[in-house]
Structures are given as C-alpha cells and as structure tokens.
Asks: 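The following block contains the structure, expressed as structure tokens.
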Amino acid sequence: MGRFVARRLLQMIPVFLGTTALIFFMVHVLPGDPVAAMWGDKAADPAQLAAKRHQLGLDQPLLQQYVTYMGHLLTGDFGTTMGQRKVIDVISAAMPVTVRLTLMAFGVEVVFGVLIGLFAGLRRGKAFDKGTLVITLLLISIPVPVLGFLFQTVFADQLKLVTPTVQDSMNFGQLLLPAVVLGSLSLAYVARLTRTSIVENVRADYMRTAVAKGLPRRRVIGTHLLRNSMIPVITFLGTDLGALMGGAIVTESIFNVKGVGNAMYHAINQSDGATVSGFVAVLVLVFLAASLIVDLLYAVLDPRIRYA
C-alpha cells in the first residue's frame, strides 16, 4: 500500500504541472490585455500602461512569466491581483465559505442519495423505485439556475422559511438552501448509481450464501450488499467533491454567497489571470487529493482489491 501511495503522489506532479500550465496560458492569452481593461472605457496614458505591465511582470515573455509564477507558487506565493491585493488573501477569505457550502452539499447528496438509492434498489419495480427514477430524472433535467430560483420562490418568498439571499456566508442556516440546490444534481446521480448497483448485487452468489447462513437481514444488507455496491458510488463522489467546489459559481451567484465561485466570477470579468490561476491551482489539488482517497477506499470496501 505504501508503494502505491508513493507512486500515486509522484503521478500527481505532472498532472498538477500540466493543468496549471494549461490554465495559466489560457487566462493570459485569451482575455486580451488585462491592464488596459483596468482603465475601462477611459483612454490611459501609454506610459502608465507600460509601467503597470512592468509592475505586474506582464511585459516579460509568456514562458518566463509561467516559470516565475510556478517558482512563486511552489513557495506558497500565488501572486497579486490587479488591485494589488495578495491572491492568497483572496483565497483565504473565499475558500472557507465554499468549503463549508461544499461539505454541506456533499453531506446532503451522500446521506439522502445513498439511502434513497438503497431503498429503491431493495424495492425494485415498486412504487418507491418508480417514483425515485422519475424524481431523480427531473432533478437531472432541471438546470441549476432554474432550480435555484424555484427554491428561492417556494422556500423564501412564499413559505418564508429562509432568506432569499445569504446575508452571512459563514452562517450554516443561511447556507442550507444553497447547499441543497448545489447538491441536488449530484444527489440524483448518487441515488441512481446506488440503486443500479444494489439491483446488480442483490442477486449475487455471495448474497445467497449470506442469506443461507442465516445472517440477520441488517448484516446482510449493511455488511455484504451495501459495502460491495458502493465502489461505483465512491468513484463518483470522489470526483464530484472537486466538481462541487468548482461548480459552485452558479449557486453562489444566485444566493449571493461570498465564496470561490463568486470571487472567480469577478476575477474572470476583470481579466485577473493571477486570481483565476490561483483558484484553479487550489481546485486541482482538491481533485488530486480526492482521487487518491477514492483509490485508497477501494481496498477498504472490497478486500479482494490489493495494491502491490
């Protein structure tokens, strides 16, 4: 297991370098001149533009900019924004909010998705199973912005249970509705994956053996059926954790949550390449860490899996 972990950690290095390089060149080539955009519609003095580019290091060749950026990144320096604020400070302010929102959404999709999928799989062809398939298909079909505005209308405007927008981004109660909206699509996928996996495994030989031994139903389902059915679900959840953090931009915009999505939205509008690159670098690390955890969980869930 130790050799496997070391090998996976080494494999992360080229993935991280390649991803950060791709994003860096995209955000510095495609948006145009970010310095000129700082003046908006006003005409700026060419000398001021040149001085600002030199101050930000944008007058250097692009490859040299990337080498300099990576050198600073490896030391924990994410650079500065166009407003001369440290990117690490922007990340430190936005990341805790998004992490809290993501964990709440992740908890919603894991708990309710697995339970709904389990009950639907055990009741294949019955009313609960058919209802689950219909409802989850509806959740998958509805775009997140539409679902967000629908939840705002019902739970905030009509029922008055919550505020329509988040006033305090660190308040768990106010983040509950955005978390449900953010996790709704993933919840539907988790429920359908769990249901399909349960249906496939409930007729397996090891299940018949467990029943023939006279084991309690709770142990048959919890220890044998559910444990062996969770591998495809765990695979999805591992990749979805990072996707929730990156995909929160829409949900955070709808509910006015001051997190990563909100900060990246403003950075993209301002052509602030340093901020976008910094956030992407952090999200890449989240994806890589989640992928490693998923690989390690395989051996825990299925004893037949062994890593050399």
Side-chain angles (χ1 to χ4, degrees), residues 91 93-120 128 131-195 233-269 276 279-280 282-283 286-287 290:
I91 295 175
M95 190 60 70
V97 177
T98 297
V99 169
R100 185 170 299 192
L101 177 63
T102 299
L103 291 179
M104 291 177 66
F106 191 73
V108 168
E109 70 171 278
V110 171
V111 174
F112 291 98
V114 172
L115 287 178
I116 292 172
L118 174 62
F119 291 140
F128 185 85
T132 297
L133 294 176
V134 172
I135 294 174
T136 53
L137 182 60
L138 287 175
L139 287 176
I140 294 172
S141 304
I142 299 176
V144 173
V146 175
L147 189 64
F149 289 124
L150 180 64
F151 274 44
Q152 278 182 325
T153 302
V154 174
F155 295 102
D157 298 336
Q158 296 182 358
L159 300 180
K160 307 295 184 182
L161 296 177
V162 293
T163 57
T165 57
V166 175
Q167 308 300 322
D168 181 6
S169 296
M170 300 302 289
N171 187 299
F172 279 103
Q174 295 187 21
L175 289 178
L176 180 59
L177 188 61
V180 172
V181 173
L182 179 60
S184 60
L185 178 61
S186 299
L187 184 152
Y189 282 119
V190 170
R192 295 175 76 92
L193 274 174
T194 305
R195 183 255 179 198
V233 180
I234 290 294
T235 302
F236 174 81
L237 291 175
T239 57
D240 190 57
L241 183 60
L244 286 175
M245 296 189 67
I249 181 171
V250 177
T251 306
E252 290 184 357
S253 300
I254 295 173
F255 292 95
N256 192 37
V257 180
K258 305 300 183 183
V260 170
N262 191 284
M264 286 191 66
Y265 174 77
H266 291 294
I268 292 172
N269 281 340
V276 175
F279 276 114
V280 170
V282 174
L283 292 177
V286 172
F287 269 105

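These figures come from a predicted structure and were not determined experimentally.
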Asks: So L101 and E252, do their side chains get closer than 4.5 Å, heavy atoms only?
Replies: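 Yes, at least one pair of side-chain atoms sits under 4.5 Å.
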Asks: Kindly compute the distance separating CG (L182) from CG (L175), expressed to the nearest 0.5 Å.
Replies: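 With rounding to 0.5 Å, CG (L182) is 10.5 Å from CG (L175).
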Asks: Using the side chain to side chain contact (heavy atoms under 4.5 Å, CB included) definition, which of the options L138, L139, L137 pairs with S141?
Replies: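 Passing option: L137.
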Asks: For E109, check side-chain hydrogen bond (donor to acceptor under 3.5 Å, both in side chains) against everything at least two apart and list the hits.
Replies: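 For E109, no residue satisfies side-chain hydrogen bond (donor to acceptor under 3.5 Å, both in side chains) once neighbours in sequence are set aside.
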Asks: Evaluate the side-chain proximity of L133 to R192: yes if any heavy-atom separation is below 4.5 Å, no if none is.
Replies: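 Yes - at least one pair of side-chain heavy atoms lies under 4.5 Å apart.
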Asks: Can you confirm whether I91 sits close enough to V282 that some side-chain heavy atom of one is under 4.5 Å from a side-chain heavy atom of the other?
Replies: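 Yes; the side chains approach each other to less than 4.5 Å.
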Asks: Which atom pair, heavy atoms only, marks the closest approach of F128 to A120?
Replies: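 Heavy atoms only, the tightest pair is CE2-N, 3.6 Å.
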Asks: Report all side-chain donor-acceptor pairs from residues 151-159 shorter than 3.5 Å, counting only partners two or more places apart or in another chain.
Replies:
unit_1: Q152; atom_1: NE2; unit_2: P164; atom_2: O; d: 2.7
unit_1: Q152; atom_1: NE2; unit_2: I254; atom_2: O; d: 3.4
unit_1: T153; atom_1: OG1; unit_2: F149; atom_2: O; d: 2.9

Asks: Where is the tightest heavy-atom contact between G148 and F255, given as atom of each residue plus distance?
Replies: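 Shortest heavy-atom contact: O-CZ, 3.9 Å.
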Asks: Minimum heavy-atom separation for A105 to A179, with atom names?
Replies: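 Between these two residues, the closest heavy atoms are CB-O, 3.3 Å.
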Asks: Q167 and Q174: which non-hydrogen atoms are nearest, and at how many Å?
Replies: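 Heavy atoms of Q167 and Q174 come nearest at N-OE1, 2.6 Å.
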Asks: Find out whether V190 and V233 are in side-chain contact, i.e. whether some heavy atom of one side chain is under 4.5 Å from a heavy atom of the other.
Replies: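 Sidechains of V233 and V190: in contact.
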Asks: Can you check whether T251 reaches V257 side chain to side chain, under 4.5 Å on heavy atoms?
Replies: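 No, their side chains stay 4.5 Å or more apart.
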Asks: Determine whether V280 and M264 make a side-chain contact, defined as any pair of heavy atoms from C-beta on separated by less than 4.5 Å.
Replies: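 In contact.
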Asks: Looking at CE of M95 and OG1 of T102, how far apart are the two atoms once the value is rounded to the nearest 0.5 Å?
Replies: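 Here the interatomic distance stands at 9.0 Å.
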Asks: Tell me, yes or no, whether the heavy-atom count around F236 atom CZ, taken from other residues, nucleotides or ligands under 6.0 Å, exceeds 12.
Replies: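 Yes, CZ of F236 has more than 12 neighbouring heavy atoms, counting only those of other groups under 6.0 Å.
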Asks: Once you round to the nearest 0.5 Å, how far does OG1 of T235 lie from CG of D240?
Replies: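 Result: 12.0 Å between the selected atoms.
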Asks: Which value, rounded to the nearest 0.5 Å, describes the distance between I116 atom CD1 and T136 atom OG1?
Replies: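 Here the rounded value is 8.5 Å.
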Asks: For L147 and V181, which heavy atoms make the closest approach, and how far apart are they?
Replies: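 For L147 and V181, the tightest heavy-atom pair comes out as CD2-O, 4.4 Å.
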Asks: Listed by chain and number, what are the side-chain hydrogen bond (donor to acceptor under 3.5 Å, both in side chains) partners of R100, not counting sequence neighbours?
Replies: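 By the side-chain hydrogen bond (donor to acceptor under 3.5 Å, both in side chains) rule, R100 matches no residue at all.
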Asks: Taking all non-hydrogen atoms of both residues, which atom of T194 and which atom of G113 are closest, and how far apart?
Replies: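 Looking at all heavy atoms of both residues, the closest pair is OG1-O, 4.2 Å.
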